[in-house]
Structures are given as structure tokens and as C-alpha cells.
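Read through the structure below, which is laid out as C-alpha cells, and then see the notes.
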Amino acid sequence: MNNEKIGKFIAECRKEKCFTQFQLAEMLNITDRAVSKWETGRSMPDVSIMLELCKVLNISVNELLNGERLNMNEYNEKAEKLLIEMARKEEKNNKKMMMYEIVIGSISTVSFVMLIMAAALINMEIYFKVALFVIAFVILISGVVFALKIETEAGYYECKNCHHRYVPKFKSVFFAMHIGTTRYLKCPKCHKKTWNKKVMTKE
């Protein structure tokens, strides 16, 4: 998706309707500054208002995301290409988030080990040792919770039984048995508990 092209298309459609940026913003209950950012390609319309924007401008979501009017012959081809591009973008973003999880988990684990070793091996007052133990556990728990939150929200889990892909609740992921990113979870579709593997895309 080309933000600049989409922005110019929004501006053209708005002008065709004889709306000012302020008038369009009022119809969508947003600020005219947000409309200006769309039209200059600095940001994209939020998903929550995309349908309303398309309705006001009398365009389809497919046309909006392609940044141009489409005839019937082009429509299906463009829609297919757009879906593929969005799937690739989602996969790339999810892989990046999973990398963050590994980095956060590694840093918090190494920090925990180093602080525990320092408290155990260095000669110091008992209250300093206690403080180091407390800090070590706080860092470890915080790192684990944050890393698991990323794992829960990045990508999907695929049920081994029915192959349904879904995003589980954080609590389920936190307490599930696991081998790496494969977790023993209950599928919301078939309701069976199996080893669900982590995947990066919905389909």
C-alpha cells in the first residue's frame, strides 16, 4: 500500500464531493488535522472509521486501499493482490514482534542470573542481598509477562485438531504448558485441548 497515493486519492474524492477537510472531519467525528495527515500520506485512516469514510466518499475499501478507482475487470485482481500484500505485511510485523519477545526474554533472564549471582557471591550487607534478590525477581517476572503478552498478540495459534487459527486470551497462554512457542491450549472452535503451534498469518 502506498500511503502517498492513497492520500492523494482521498483528497481527490473529497474535492469531487466539494467537501473541505473540516467538513469531512466533522462527518467522521475526527479532527481536520487527521484528514490533512491522510492526504499528505503521513498516516492512514484508522480501521474503525475506514468503512464510514468510504461511505461518505462513495468509494469501496478496495479502491481506498489501492488509491484509485477500479473497474469491474480490475476489481477482483486488485483485491487479490491487496490481500496478498496485507498478509505479507502482517507476517513481517508478527515476525518482528516475536523477535522483540526473544530479546526481552533473553535480557530479563540474563539480568536475573547476574543479579542472583552477585547477591550470592559478593560480600555485602544482608539487606543489599535481599534488595538484589527482589530486583532480580521483579525484572524476571516483568520480562516474562511482557514477552508473553507480545507472543499472545503477535500472530495466531493453530489447533492441531481442526486447524483453526485464533488469538487466545493472555491468561490461557500464561498458564499453558509449552515447548518453545507451541502451547497446550483449548481451541475455541472444536473445544479440544491439543498442542497448538504458533503461526504468523491468519490463513
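Computed from a predicted structure; not experimentally measured.
Sorted by first and then second residue, the pairs that involve residues 125-152 and meet salt bridge (Lys or Arg N to Asp or Glu O under 4.0 Å), not counting sequence neighbours, are Lys149-Glu153, Glu151-Arg183.
For Phe146, the CZ atom counts as loosely surrounded, since its 6.0 Å shell holds 12 or fewer non-hydrogen atoms of other residues, nucleotides or ligands. By the neighbour-count criterion of 12 heavy atoms within 6.0 Å, atom CZ of Phe128 is sparsely surrounded, having that number or fewer from other residues, nucleotides or ligands. Residue Met50 qualifies as enclosed at atom CE: its count of foreign heavy atoms under 6.0 Å is above 12. Summarising the local packing, NZ of Lys5 is surrounded by more than 12 heavy atoms from other residues, nucleotides or ligands at distances under 6.0 Å.
The structure places SG of Cys190 at 10.0 Å from NE2 of His163, a figure rounded to the nearest 0.5 Å. For the atom pair Tyr156 OH and Asn196 CG, the distance stands at 15.0 Å (nearest 0.5 Å). Here Met27 contributes atom CE and Arg14 contributes atom CZ; the two are 10.5 Å apart, rounded to the nearest 0.5 Å. Going from atom CH2 of Trp38 over to atom CD1 of Ile30 covers 3.5 Å, rounded to the nearest 0.5 Å. Rounded to the nearest 0.5 Å, atoms CE (Met98) and NZ (Lys96) are 15.0 Å apart. Note that the NZ atom of Lys186 and the OG1 atom of Thr194 stand 12.0 Å from one another [nearest 0.5 Å].
Using cut-offs of 30° and 60° on the angle between ring planes, the pair Tyr157 and Tyr166 is tilted.
Using a 4.0 Å cut-off between a side-chain N of Lys or Arg and a carboxylate O of Asp or Glu, Lys95 and Glu91 qualify as a salt bridge. The pair Lys198-Glu101 does not count as a salt bridge, with every side-chain nitrogen at least 4.0 angstrom from each carboxylate oxygen.
Minimum interatomic distance between Glu63 and Phe9 (heavy atoms only, all atoms of both residues): O-CE2, 3.5 Å. Closest approach of Ile104 and Gly143 over heavy atoms only: CG2-O, 3.7 Å. Contact between Ile139 and Ser111 at its shortest, heavy atoms only, is CG2-CB, 3.9 Å. Contact between Ala118 and Met124 at its shortest, heavy atoms only, is O-CE, 3.8 Å. Between Ala176 and Leu185 the shortest heavy-atom distance is CB-CD2, 3.6 Å. Of all heavy-atom pairs spanning Thr152 and Pro168, the tightest one is CG2-O, 3.3 Å.
Shown here are the side chain to side chain donor-acceptor pair (under 3.5 Å) partners of Arg88, two or more places apart in sequence or in another chain: there are none. With sequence neighbours excluded, no residue satisfies side chain to side chain donor-acceptor pair (under 3.5 Å) with Lys193.
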- In sequence, state the C-alpha distance, the side-chain angles, and the governing distance for Lys17 and Val56, and then conclude on side-chain contact (heavy atoms from CB on, under 4.5 Å). CA-CA 9 Å; Lys17 293 286 184 182; Val56 169; over 6 Å; no
- Message: What verdict does the side-chain contact (heavy atoms from CB on, under 4.5 Å) test give for Arg69 and Cys13, after you've listed the backbone C-alpha separation in whole Å, the side-chain angles of each residue and the deciding distance to 0.1 Å?
- Response: CA-CA 10 Å; Arg69 299 270 184 190; Cys13 294; 4.0 Å; yes
- Item | Verdict with reasoning, Arg165 to Thr201, per side-chain contact (heavy atoms from CB on, under 4.5 Å) | CA-CA 9 Å; Arg165 295 185 177 190; Thr201 58; 3.6 Å; yes
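Between the side chains of Asp46 and Ser48, a donor-acceptor pair is found at a separation under 3.5 Å.
Within the 3.5 Å criterion, the main-chain N or O of Asp32 finds no donor-acceptor partner in the side chain of Ser36.
When hydrophobic clusters are built by joining Ile, Leu, Val, Met, Phe, Trp and Tyr residues whose side-chain heavy atoms come closer than 4.5 Å, directly or via intermediates, Leu24 is grouped together with Leu51.
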